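All values below come from the heavy atoms of this structure, side chains included, with hydrogens, waters and symmetry mates left out. Here the structure is a predicted model, which is why all the values come from computation and not from measurement. In what follows, every chain begins at residue 1, and chains take the letters A, B, ... in the order their sequences are listed.
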Amino acid sequence: MTPVARTGEPPDAGEVAGPALPRSFFARDPLDVAPDLLGRVLVAGGPDAGAAVAVRLTEVEAYRGADDPASHAFRGRTRRTAVMFGPAGHLYLYFVYGMHWCVNVVTGWDGEASAVLLRAGRVVAGADVAAARRAARRRTAVTAGALARGPAALTTVLGLDAGADGADLCAADSAVRLLPGVPATAVRSGPRVGVSAAADRPWRFWVDGDPTVTAYRAGTRAQRRPPAGVTRAAPGLREPLDAVGDGRMEG
DNA sequence: GTCTCGATCGAA
DNA sequence: TCGATCGAGACA
């Protein structure tokens with residue numbers, strides 16, 4: 001375990017301990033699991049797998065399977081999405097934009113293919129390792145509180161990538177565990193970030209007022225598909241967005 | 001096979 | 001505001 005000195009954040013030692021949450025925690029509707037994940041602590045690494053980094057979750061998004069057009073599982077089982085169709089409590093990692101990894105926890109029952117995307121958190125242990133991992137990907141320094149802000153940043157800080165796809169959070173010897181932490185009490189919800197399908201469903205959940213929560217951004221495509229004969233919408237012709245204030249929408 | 005686009009991030 | 005960068009998935 002790496003000390004967290006000089007980061008300005010308390011170590012929260014009491015929360016980075018205890019038994020991992022059981023599979024029954026994950027084997028529920030993702031809309032129930034998602035808000036219940038806030039305040040929980042995800043730990044990756046440890047004595048047998050290198051330096052541990054722990055993150056208290058502050059922002060997540062629920063994705064259902066067959067009835068959620070925004071879900072990777074919407075079009076059925078593929079090699080990439082196979083993990084989502086399996087038992088709850090496993091990690092689903094996916095690669096986006098040619099450079100980023102994002103991490104989900106599989107929820108629900110076998111074959112249902114629902115999951116919760118882990119979007120942001122606060123590093124509560126292993127901050128120096130976390131900072132080094134972020135620094136390897138950017139030129140400017142990032143503040144301690146923003147180390148795990150954003151799904152790709154969160155995944156980077158925890159050292160997760162393709163090798164963690166399918167990992168079982170509930171296995172006794174797993175290098176990645178989800179600890180009870182202290183469940184959040186002030187939870188809000190709003191539309192998911194960056195999705196172009198089913199963009200109106202308020203399936204993003206976050207800890208009210210937490211500075212690590214990411215700003216809201218609508219999906220990049222204004223229309224699901226351009227009209228016939230038009231290959232792409234002109235940049236200036238997108239539908240105007242509603243004002244979103246500080247980026248954290250009302251629930 | 002070929003093409004399009006993406007559950008993002010960071011620099012300009 | 002825009003470019004990076006490449007795999008998945010759709011389509012021919």
Side-chain angles (χ1 to χ4, degrees), chain A residues 30-31 33-34 37 57-65 67-85 91-107 113-121 130-131 133-143 146-158 160-165 189-206 212-238 240-241 247 249:
Chain A
L31 294 178
V33 177
L37 279 168
L57 300 175
T58 59
E59 182 189 2
V60 300
E61 280 177 359
Y63 286 85
R64 276 182 151 157
D67 66 341
D68 182 4
S71 170
H72 290 169
F74 179 64
R75 290 176 178 81
R77 180 184 180 126
T78 65
R79 194 173 62 179
R80 177 174 69 151
T81 63
V83 173
M84 276 197 284
F85 287 81
L91 295 183
Y92 163 56
L93 274 286
Y94 70 93
F95 188 62
V96 274
Y97 295 104
M99 64 193 83
H100 301 300
W101 286 95
C102 297
V103 62
N104 297 248
V105 296
V106 176
T107 61
S114 66
V116 177
L117 171 69
L118 309 183
R119 286 196 56 88
R133 286 173 174 160
R134 285 300 303 283
R137 289 179 162 244
R138 49 181 294 152
R139 307 176 90 94
T140 58
V142 61
T143 61
L147 280 174
R149 187 161 91 174
L154 173 73
T155 307
T156 295
V157 149
L158 290 167
L160 303 176
D161 58 19
D165 188 36
S189 67
R192 295 174 290 188
V193 172
V195 301
S196 51
D200 56 328
R201 300 185 189 182
W203 291 357
R204 180 169 70 119
F205 301 86
W206 67 90
T212 65
V213 174
T214 60
Y216 175 76
R217 296 184 75 163
T220 51
R221 276 189 303 167
Q223 297 172 312
R224 214 159 283 169
R225 284 195 182 165
V230 177
T231 55
R232 199 180 188 111
L237 296 180
R238 290 177 183 154
L241 299 174
M249 298 191 65

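Remark: P of C/dA8 and CZ of A/R77 are 16 Å apart, rounded to the nearest angstrom. Across the protein-nucleic acid pair, A/F74 atom CZ and C/dG9 atom P stand 14 Å apart, rounded to whole Å. To the nearest angstrom, P of C/dG3 lies 15 Å from OH of A/Y97. Going from atom CG of A/L93 over to atom P of C/dA8 covers 13 Å, rounded to whole Å. Atom P of nucleotide C/dG3 and atom CE of A/M99 are separated by 13 Å, given to the nearest angstrom. Atom CH2 of A/W101 is separated from atom C1' of B/dC9 by 17 Å (rounded to the nearest Å). When the P atom of B/dG6 is taken as reference, atom OH of A/Y63 falls 13 Å away, rounded to whole Å. Atom-to-atom, CG of A/D165 to C1' of C/dG7 comes out at 14 Å; the value is rounded to the nearest Å.
Looking at every heavy atom in both residues, A/Y94 comes nearest to A/R80 through CB-NH1, 4.3 Å. Residues A/L91 and A/V83 approach most closely at O-CG1, 3.3 Å, considering heavy atoms.
Note that OG1 of A/T212 is 12.5 Å distant from CH2 of A/W206, once rounded to the nearest 0.5 Å.
Within 4.0 Å (heavy atoms only), A/R80 reaches sugar-phosphate atoms of the nucleic acid but no base atom. Among the protein residues, A/A152 comes within range of the sugar-phosphate backbone only, with heavy atoms under 4.0 Å from sugar or phosphate atoms but none that close to a base.
Checked against B/dC9, B/dG6, B/dA7, the side chain of A/S71 finds its nearest nucleotide in B/dA7. The listed nucleotides are B/dG10, B/dA7, C/dA8; the one nearest the side chain of A/L117 is B/dA7.
Below the 3.5 angstrom threshold, one finds no donor paired with an acceptor across the side chain of A/Y94 and the base of C/dA8.
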| remark: For DNA chain C, the dot-bracket notation using Watson-Crick and G-U wobble pairs below 3.5 Å, [ ] for pseudoknot-type crossings and | for other-strand pairs, is ||||.||||||.

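Checked against ring-ring contact (aromatic ring centres under 6.0 Å, His included), A/Y63 has no partners two or more places apart in sequence or in another chain. Legend: residues meeting side chain to side chain donor-acceptor pair (under 3.5 Å) with A/R138, ordered by chain and number and at least two apart, are A/T140. Evaluation of the side chain to side chain donor-acceptor pair (under 3.5 Å) rule for A/D165 yields no partner, not counting sequence neighbours. Among residues two or more places apart in sequence or in another chain, the ring-ring contact (aromatic ring centres under 6.0 Å, His included) test is passed with A/Y97 by none. Listed by chain and number, the residues in a side-chain contact (heavy atoms from CB on, under 4.5 Å) with A/T81 are A/H72, A/T78, A/M84, A/F85, A/Y92 (sequence neighbours excluded).
A/F95 does not qualify as a stacking partner of the C/dG7 base, lacking a centre-to-centre distance under 5.5 Å together with planes within 30°.
Note on A/T78: every side-chain N or O is 4.0 Å or more away from OP1 and OP2 of C/dA8. Close to B/dG10, at under 4.0 Å from its OP1 or OP2, lies a side-chain N or O of A/R138. Phosphate contact (OP1/OP2 of B/dA7, side-chain N/O of A/R119, threshold under 4.0 Å): absent. Listed pair A/H72 / C/dA8 fails the phosphate criterion, with no side-chain N or O lying under 4.0 Å from OP1 or OP2. Side-chain N/O atoms of A/T140 include one lying less than 4.0 angstrom from OP1 or OP2 on B/dA11. Note on A/R75: a side-chain N or O is less than 4.0 Å away from OP1 or OP2 of C/dA10. Distances shown here put a side-chain N or O of A/R134 below 4.0 Å from the OP1 or OP2 atom of B/dG10.
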